[in-house]
Amino acid sequence: METFTPQLLKGKIAFIAGGSSGINLGIAHGLAAAGARISIISRRIEKVDAAVAELRAAGGEAMGLAVDVRDYPGVEAALRATHEAWGPIDVIVSGAAGNFLAPAIGMSANAFKTVIDIDLLGTFNVLRASYEFLRRPGASVISITAGQAVNPSLFQSHACAAKAGINMLTKCLALEWGPAGVRVNAIAPGPIKDTEGMARLTPTPESEAALKSVIPLGDYGEKRDIADLALFLCTDSAKYITGAILDCDGGSSLSRIGPARAPEAPAAATGSR
Ligand code: HXC
Ligand code: NAP
């Protein structure tokens, strides 16, 4: 990524869960370009290795491990390895997520639980396990939520519920960790182009055009938009911000996203995995 303020995060260490692709990899590039050392985790080692290579090729210092955020000991071990390699962690980004379009009656209890476990329990695991390794005072903890946390969305009961939980977890941990000088915030991206998320949620040109028609700024955002906001939250410019859920969505949350009624529900237990 180009033109981030050079060295704004020189000497800082950032741990990014779900950092091997999409929006979170965009954040990794943004923080690396500002001078931070980057440690990423996600499930698939080939994705982790490719992302680490990409970050290094761009001039950054990076490491990565294959870990599922549902595995608390694995998450803790990755944080410990980062701390042992580089020292106290200045920035945590919790962005791992899973999603698919499905009506509630097309979901098994395990399907619902799977998204809750990745998004909400996974965020608890990352934040809870990080505490002992954080720079205290000074650390900035950022979770990635979504507007669907407060705006109900068709065929998204699992993701809406999980992200709503992340919003409340953000506020509760901001209360608990503020006295230790740890700020806890969340970013709610709107629809971001060239991401797995939007490939799943608006898979056709028609659904993409319909969504764009209700975005006040008229288009999807870019990964860079989210990376810039994350960078801001890591700096002293944000030193009095905690417990905030920050929308970066072109105004999407101001209007209903998607139809209130659908002519046809997606078939149960189908769709991309
Ligand atoms: C109904 C489905 C389904 C579908 C899976 N399941 N896909 N049910 N419709 N389309 C069910 C399965 O049948 C199974 O239930 C259960 O979910 C778990 O499926 P697994 O494949 O075993 O799970 P797992 O390997 O853990 O994979 C998790 C996943 C997968 C979420 C299902 O899609 C994934 O790995 N996603 C990661 C990448 C991703 O989704 N990125 C986009 C994030 S975007 P049974 O009962 O059969 O065992 C995003 C946008 C946010 O979050 C904006 C809105 C909030
Ligand atoms: P993405 O590319 O699929 O990113 C998800 C990341 O999480 C990947 O690196 C994935 O890698 C990892 N991951 C998934 N399950 C995991 C698990 N159980 N344990 C560890 N890592 C796991 O999707 P994206 O669209 O960029 O979304 C990134 C974040 O932004 C998510 O939190 C999403 O909810 C949020 N968001 C996205 C949009 C959008 O427009 N795309 C809008 C609002 C919010 P592996 O497969 O290797 O595990």
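Model, not experiment: these values are computed from the prediction. Numbering of ligands and ligand atoms starts at 1, following listing order.
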Enquirer: Return yes when K163 approaches ligand 2 closer than 4.0 angstrom through a heavy atom, no otherwise.
Expert: yes
Enquirer: Number the atoms of ligand 2 from 1 as they appear, then name those within less than 4.0 Å of a heavy atom of G197, with their elements.
Expert: 25 (O), 41 (N)
Enquirer: Do L246 and L31 share a hydrophobic cluster (ILVMFWY, side-chain heavy atoms under 4.5 Å, transitive)?
Expert: yes
Enquirer: Which ligand 1 atoms, with their elements, are less than 4.0 angstrom from a heavy-atom of G106?
Expert: 1 (C)
Enquirer: Does the side chain of W177 come within less than 4.5 Å of L127's, by heavy atoms?
Expert: yes
Enquirer: For the CD1 atom of I187 and the OG1 atom of T145, what is their distance to the nearest 0.5 Å?
Expert: 10.5 Å
Enquirer: Side chain, backbone, both or neither: which part of V69 comes within less than 4.0 Å of ligand 2 when only heavy atoms are counted?
Expert: both
Enquirer: I need the K239 NZ to L233 CG distance, nearest 0.5 Å.
Expert: 14.0 Å
Enquirer: Can you check which of M198, K47, E196 brings a heavy atom nearest to atom 10 (C) of ligand 2?
Expert: K47
Enquirer: Under 3.5 Å between any N/O of R200 and any N/O of ligand 1: does that happen in this structure?
Expert: yes
Enquirer: Could an N or O of ligand 2 be found under 3.5 Å from any N or O of P189, whether backbone or side chain?
Expert: no
Enquirer: Give the numbers and elements of all ligand 1 atoms closer than 4.0 Å to a heavy atom of A146.
Expert: 53 (C), 55 (C)
Enquirer: Determine whether any heavy atom of G95 lies closer than 4.0 Å to an atom of ligand 2.
Expert: yes
Enquirer: Which residue holds the protein heavy atom closest to atom 47 (O) of ligand 2, what is that atom called, and what is the gap in Å?
Expert: S42 OG, 2.7 Å
Enquirer: D119 versus ligand 2: do any nitrogen or oxygen atoms come within less than 3.5 Å of each other?
Expert: no
Enquirer: Test S252 against every option in L217, D247, I215 by the side chain to side chain contact (heavy atoms under 4.5 Å, CB included) rule and name the one that passes.
Expert: I215
Enquirer: T82 and S39: side-chain donor and acceptor closer than 3.5 Å?
Expert: yes
Enquirer: Would you check the N or O atoms of A146, main chain and side chain alike, for any that come under 3.5 Å of an N or O of ligand 2?
Expert: no
Enquirer: Indicate yes or no for a side-chain donor-acceptor contact from N24 to the backbone of G18 under 3.5 Å, with no hydrogens or angles considered.
Expert: yes
Enquirer: Could you check whether T195 and K223, counting side-chain N and O atoms only, form a donor-acceptor pair closer than 3.5 Å?
Expert: no
Enquirer: Considering only protein heavy atoms, which is closest to atom 28 (C) of ligand 2, and at what distance to one decimal place?
Expert: N24 ND2, 3.7 Å
Enquirer: When you check the side-chain N and O atoms of E54 and H29, is any donor under 3.5 Å from an acceptor?
Expert: yes
Enquirer: From the options T145, I144, V126, select the one whose nearest heavy atom is closest to atom 44 (C) of ligand 2.
Expert: T145
Enquirer: Roughly how far apart are D119 CG and K163 NZ, rounded to 0.5 Å?
Expert: 4.5 Å
Enquirer: With a cut-off of 4.0 Å, which atoms of ligand 2 are near a heavy atom of R70?
Expert: 18 (N)
Enquirer: So which heavy atom on F100 is nearest to which on M107, and how close?
Expert: CE1-CG, 4.1 Å
Enquirer: Using only atom types and a distance under 3.5 Å, with no angle test, would you say the side chain of N185 pairs donor to acceptor with the backbone of I142?
Expert: no
Enquirer: If you have a sec, work out which protein heavy atom is nearest atom 27 (O) of ligand 2 and how many Å separate them, to one decimal?
Expert: I23 CD1, 4.4 Å
Enquirer: Write out the residue and atom name of the closest protein heavy atom to atom 18 (N) of ligand 2, then the distance separating them to 0.1 Å.
Expert: D68 OD1, 2.9 Å
Enquirer: What is the closest protein heavy atom to atom 16 (C) of ligand 2, and at what distance does it sit?
Expert: R43 NE, 3.4 Å
Enquirer: If you measure every N or O of G19 against every N or O of ligand 2, does any of those distances drop under 3.5 Å?
Expert: no
Enquirer: Between N99 and Q156, is any side-chain donor less than 3.5 angstrom from a side-chain acceptor?
Expert: yes
Enquirer: Should you measure from each heavy atom of A159, which atoms of ligand 1 turn up under 4.0 Å away?
Expert: 55 (C)
Enquirer: Within this structure, what is the CD-CG distance for the pair E206 and L211, rounded to the nearest 0.5 Å?
Expert: 13.5 Å
Enquirer: How far apart are the closest heavy atoms of V182 and T242, and which atoms are they?
Expert: O-OG1, 4.3 Å
Enquirer: Using heavy-atom distances, let me know which of T114, D119, N110 sits nearest atom 28 (C) of ligand 1.
Expert: T114
Enquirer: Taking only heavy atoms of T195 into account, list the atoms of ligand 2 that are under 4.0 Å away from them.
Expert: 25 (O), 39 (C), 40 (O), 41 (N)
Enquirer: Just jot down the ligand 2 atoms closer than 4.0 angstrom to any heavy atom of R44, in number order.
Expert: 45 (P), 46 (O), 47 (O)
Enquirer: Quick one: look up the protein heavy atom nearest atom 40 (O) of ligand 2 and list residue, atom name and how far away it is.
Expert: I192 N, 2.8 Å
Enquirer: Salt bridge or not between E196 and R200? Use side-chain N to carboxylate O under 4.0 Å.
Expert: yes
Enquirer: Considering only heavy atoms of V67, which atoms of ligand 2 have at least one such atom less than 4.0 Å away?
Expert: 19 (N), 20 (C)
Enquirer: Does an N or O anywhere in G18 fall below 3.5 Å from an N or O of ligand 2?
Expert: yes
Enquirer: Any idea which heavy atoms bring W86 and E61 closest together, and the distance?
Expert: NE1-OE2, 3.8 Å
Enquirer: Nearest to atom 31 (C) of ligand 1 by heavy atom, G98, S108, A164: which?
Expert: G98
Enquirer: Is A96 in polar range of ligand 2, meaning some N or O pair under 3.5 Å apart?
Expert: no
Enquirer: Of the listed options (C248, S143, G190, P191), which comes nearest to atom 42 (C) of ligand 2 when hydrogens are ignored and any heavy atom counts?
Expert: G190
Enquirer: Hey, does the Lys NZ or Arg CZ of R136 hover above the aromatic six-ring of Y131, less than 6.0 Å from the centre and inside 45° of the axis?
Expert: yes
Enquirer: How long is the gap from OG1 on T170 to CD1 on I245, to the nearest 0.5 Å?
Expert: 4.5 Å
Enquirer: Taking the minimum heavy-atom distance to atom 39 (C) of ligand 1, which of P189, G95, A97 ranks first?
Expert: A97
Enquirer: Considering only heavy atoms, which of A149, A97, A188, G74 lies nearest to atom 5 (C) of ligand 2?
Expert: A97
Enquirer: Number the atoms of ligand 2 from 1 as they appear, then name those within less than 4.0 Å of a heavy atom of S20, with their elements.
Expert: 8 (C), 9 (O), 11 (O), 47 (O)
Enquirer: Applying the side-chain hydrogen bond (donor to acceptor under 3.5 Å, both in side chains) criterion to D90, which one of R135, R37, K12 satisfies it?
Expert: R135
Enquirer: How close does the nearest protein non-hydrogen atom get to atom 8 (C) of ligand 2, and which residue and atom is it?
Expert: S21 OG, 3.3 Å
Enquirer: Taking only non-hydrogen atoms of I226, do any sit less than 4.0 angstrom from ligand 2?
Expert: no
Enquirer: For G22, take its heavy atoms, then give the atoms of ligand 2 lying under 4.0 Å from any of them.
Expert: 2 (O), 26 (O)
Enquirer: Can you tell me which portion of A102 lies within the under-4.0 Å heavy-atom range of ligand 1? Options are side chain, backbone, both, or neither.
Expert: side chain
Enquirer: Determine, using the 4.5 Å side-chain heavy-atom cutoff (strictly less than), whether F155 and V150 are members of one ILVMFWY cluster.
Expert: no
Enquirer: Using distance alone, decide if ligand 1 has a nitrogen or oxygen within less than 3.5 Å of any nitrogen or oxygen in N99.
Expert: yes
Enquirer: Among E196, R70, M107, R43, which residue places a heavy atom closest to atom 41 (N) of ligand 1?
Expert: E196
